[in-house]
Trainee: 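Following this message is one structure expressed as C-alpha cells.
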Amino acid sequence: MSSEDSKEVLARFTGHKVSKLKWRPGLRGSLVPSTTFVSGSWDENENSLCVWSTARTQTSSGVDDDLGAAVIAPQPELLASCPHDGDVTGIQYFDEDRFLVASSRGAVSLMAHSQRDAGAVQCVHTWEGLHRYASQAACPCTSVAVGMDTIATVGEDGTIHALRINRSQPVWTSENADSCSLNDVLVLTVSELLTVNSSRHLKVWDMRRPASEKHAKLMVLSGDTGSLLCAAKHPTQNHVVACGDSNGVLSVWDMRQERYPVTLMEAHQDSIWDVCFHPLKPNHIFTCSQDGSAFHWDGSTQRPGQLGTLPGLLAGSRSADASSDSNPWLSGDFVRSRVSVASLLPQNPLPVNCLDVDALSSTVLLGTDSQAVYKVSGLSVH
C-alpha cells in the first residue's frame, strides 16, 4: 500500500448521510476546474438534494505554523437545497445546467440549476413509477446513466428503461429483463446498454432488438457468491469496464473477450459501492467501500517494481492481447508490477458510499455515512 504525502483532505459536515454526489461539468472546451457539485442523502426522515460551491475560501481558527499564520482552505459552501422524495440512489449530469436523480421510490427526476443562478435548483420533469414490484408497489430505481442523449435506468425489479429528455414516456423498455436486482447501468453506445446484477452477471443489451430477446451478451464473474454492485466505463475505450463487487474485489472487463473479466484485484474488506476512472487520465481508478476506505489505483507506470504492489491479485484473472501495452487494466497477471494503490482517507469507521473526480483538477469528492463530504486534492495523477 503506497501513500500520497502531498494530498490534502478536507471534511465538510452535511448534517445527513451522503448517498450520491457528482461534480458539475464545465462548459464545453473550458479549461477551468469545476467548483460546484451536487449531493443527495439517504436514510433520513426527509431526504434532500444539495448544491455546493468550493469557489470561496474560509479562514479557520487554527494555525499551521509557529508564526501563527491562519489556515486558508476552500470549504464547500451550501448554495441551495431542496427536499427529495425517497433515498437518492443515483445522480448523473445531462449537461452543465441539468442533472438526473434516481429515487428509492422508483422515479427519476430531471433537475436544473443554471450557471447564471447557481443558488436555485428546481425539478423540470419526473418520470414517475418507472420501477415497480409485481404487486405494483414502487421499488427502488438503483441507478441512472446518461450518454449520447440517452438516459438509462434500472431497478430492483430487474427492469430497464431508456428515456429521452423531451419524451414523457420511455422510448425503450425491457420489463423483468433480469430475475434479480439490477444494481448499475452504463450507456455504452447509442444502441447498447450494460448492466450488472446481484448474480454476478454483466450483460449488454442491444436496444435495436425487441426487448423480448433479452440480453445480447452475457459475461460472468465466477468464484465466490456475491453481487456486482457498480460499474464504470473507460472514458476513451468503451470496451473496457471496471466493476466493484460485494466481496471488495475490483474487476476489469474487456467486452471483446468472452465471458470472464481480464483482471481481478482485491483491496477492500467489504462491498465496493462506487468505482470511477479519471476522465482524462484513465490509467487512474478510484474506488470506495462499505469498510470506510477509499483507494486511488495508479496504473500510470510501466516499470515493474517502481511502485507499491496491490494487497492482492486474485487467481483466475486472464491475460489480454497486445492492447494491454497501452492499457494497464488489461494486463492480467502483470498488473501486480504495474499498479499501486493508495488510501485517500485517514481511518474512517463508517461506509464511503460514493465518489467523483474532477477532470481538470483531479480533486476527488467522497460521500459518507458520517454525515460529511470529503474533498481530496493534491493527488499525484500523471
Side-chain angles (χ1 to χ4, degrees), residues 1-23 37 39-44 50 52 54 58 60-65 71-76 226 229-230 232 242-250 264-278 284-299 307-314 336 339-358 361-381:
M1 181 80 67
S2 62
S3 64
E4 299 185 74
D5 295 334
S6 62
K7 76 173 185 287
E8 180 181 35
V9 181
L10 296 172
R12 175 61 156 91
F13 178 71
T14 61
H16 52 253
K17 298 177 182 178
V18 180
S19 58
K20 298 292 177 180
L21 50 69
K22 276 288 181 289
W23 281 112
F37 66 92
S39 70
S41 70
W42 82 289
D43 195 29
E44 303 289 339
C50 297
W52 306 85
T54 62
Q58 176 177 309
S60 78
S61 58
V63 294
D64 64 354
D65 56 37
V71 177
I72 307 295
Q75 297 284 348
L229 300 176
C230 56
C243 296
D245 77 6
S246 57
N247 294 323
V249 174
L250 173 64
L264 295 170
M265 298 170 285
E266 62 177 0
H268 296 286
Q269 301 302 308
D270 209 330
S271 299
I272 296 177
W273 289 125
D274 209 353
V275 58
C276 178
F277 284 95
H278 191 290
H284 299 262
I285 289 177
F286 301 87
T287 57
C288 62
S289 173
Q290 175 74 18
D291 65 12
S293 64
F295 291 147
H296 170 199
W297 307 71
D298 182 359
L307 293 171
T309 58
L310 296 170
L313 178 69
L314 297 186
R336 182 186 294 275
V339 180
S340 70
V341 60
S343 177
L344 294 175
L345 285 178
Q347 186 173 3
N348 174 50
L350 295 177
V352 183
N353 299 317
C354 54
L355 61 84
D356 196 24
V357 57
D358 177 60
S361 68
S362 299
T363 299
V364 178
L365 296 172
L366 301 165
T368 71
D369 271 1
S370 59
Q371 299 191 358
V373 169
Y374 290 88
K375 177 173 170 282
V376 185
S377 55
L379 297 177
S380 177
V381 178

Trainee: Within this structure, what is the CD-OG1 distance for the pair Gln75 and Thr54, rounded to the nearest 0.5 Å?
Mentor: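 Atom-to-atom, Gln75:CD and Thr54:OG1 are 10.5 Å apart.
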Trainee: Val357 and Phe277: which non-hydrogen atoms are nearest, and at how many Å?
Mentor: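 Scanning both residues, the minimum pair turns out to be CG1-O, 3.9 Å.
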Trainee: Any side-chain heavy-atom pair from Cys243 and Val275 closer than 4.5 angstrom?
Mentor: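 No, their side chains stay 4.5 Å or more apart.
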Trainee: I'd like to check Val352 versus Tyr374 (side-chain heavy atoms, cut-off strictly below 4.5 Å). Are they in contact?
Mentor: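 A side-chain contact under 4.5 Å is absent here.
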Trainee: I want to check something: taking the side chain as every heavy atom from C-beta on, are Ile272 and Phe295 in contact at a cut-off of under 4.5 Å?
Mentor: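 No. Closest side-chain heavy atoms not under 4.5 Å.
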Trainee: What distance do Asn348 atom CG and Ser289 atom OG have between them, rounded to the nearest 0.5 Å?
Mentor: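 Nearest 0.5 Å value for the CG-OG distance: 10.5 Å.
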Trainee: Could you check whether any side-chain N or O of Ser19 sits under 3.5 Å from a backbone N or O of Gly40, counting only pairs where one atom can act as donor and the other as acceptor?
Mentor: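 Yes: the side chain of Ser19 pairs with the backbone of Gly40.
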Trainee: Tell me, which pairs form a salt bridge (Lys or Arg N to Asp or Glu O under 4.0 Å) where one or both residues lie in residues 10-19, sequence neighbours left out?
Mentor: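 Checked against salt bridge (Lys or Arg N to Asp or Glu O under 4.0 Å) - neighbours excluded - the pairs reaching residues 10-19 are Lys17-Asp43.
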Trainee: Any idea which heavy atoms bring Trp297 and Glu266 closest together, and the distance?
Mentor: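 Scanning both residues, the minimum pair turns out to be CH2-C, 4.5 Å.
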Trainee: When rounded to the nearest 0.5 angstrom, what distance separates OG in Ser293 from CG in Leu366?
Mentor: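 Here the rounded value is 10.5 Å.
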Trainee: For Cys354 and Asp274, which heavy atoms make the closest approach, and how far apart are they?
Mentor: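 Distance-wise, the nearest heavy atoms are CA-OD2, 3.5 Å.
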Trainee: Where is the tightest heavy-atom contact between Val18 and Trp42, given as atom of each residue plus distance?
Mentor: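 In this case the closest contact between Val18 and Trp42 is C-CD1, 4.3 Å.
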Trainee: Distance from His296 atom NE2 to Leu344 atom CG, nearest 0.5 Å?
Mentor: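 With rounding to 0.5 Å, NE2 (His296) is 7.5 Å from CG (Leu344).
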Trainee: Measure the spacing between NE2 of His268 and SG of Cys288 and express it to the nearest 0.5 Å.
Mentor: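 Nearest 0.5 Å value for the NE2-SG distance: 7.0 Å.
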Trainee: Donor-acceptor pair, Asp270 side chain versus Gln290 backbone, under 3.5 Å?
Mentor: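 A pair under 3.5 Å: no.
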Trainee: Could you tell me if the side chain of Trp52 sits less than 4.5 Å from the side chain of Leu21, heavy atoms only?
Mentor: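 Answer no - side chains too far apart.
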Trainee: Atom NZ in Lys7, atom OG in Ser362: separation rounded to 0.5 Å?
Mentor: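 Those atoms lie 14.5 Å apart.
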Trainee: Give the minimum heavy-atom separation between Gln371 and Phe13, together with the two atoms involved.
Mentor: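 Looking at all heavy atoms of both residues, the closest pair is O-CD1, 3.2 Å.
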Trainee: Any non-hydrogen side-chain atom of Asp358 less than 4.5 Å from a side-chain atom of Phe37?
Mentor: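 Contact flag for Asp358/Phe37 side chains = no.
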Trainee: Listed by chain and number, what are the ring-ring contact (aromatic ring centres under 6.0 Å, His included) partners of His278, not counting sequence neighbours?
Mentor: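 Once residues adjacent in sequence are excluded, His278 has no partner under the ring-ring contact (aromatic ring centres under 6.0 Å, His included) criterion.
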Trainee: Using the side-chain contact (heavy atoms from CB on, under 4.5 Å) rule, take Leu350 and Thr368 through it: C-alpha gap first, then chi angles, then the decisive distance, then the call.
Mentor: CA-CA 7 Å; Leu350 295 177; Thr368 71; 5.9 Å; no
Trainee: Would you name the heavy atoms of Ser271 and Leu229 that are closest together and state the gap between them?
Mentor: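 Ser271 and Leu229 have their closest heavy atoms at CB-CD1, 3.6 Å.
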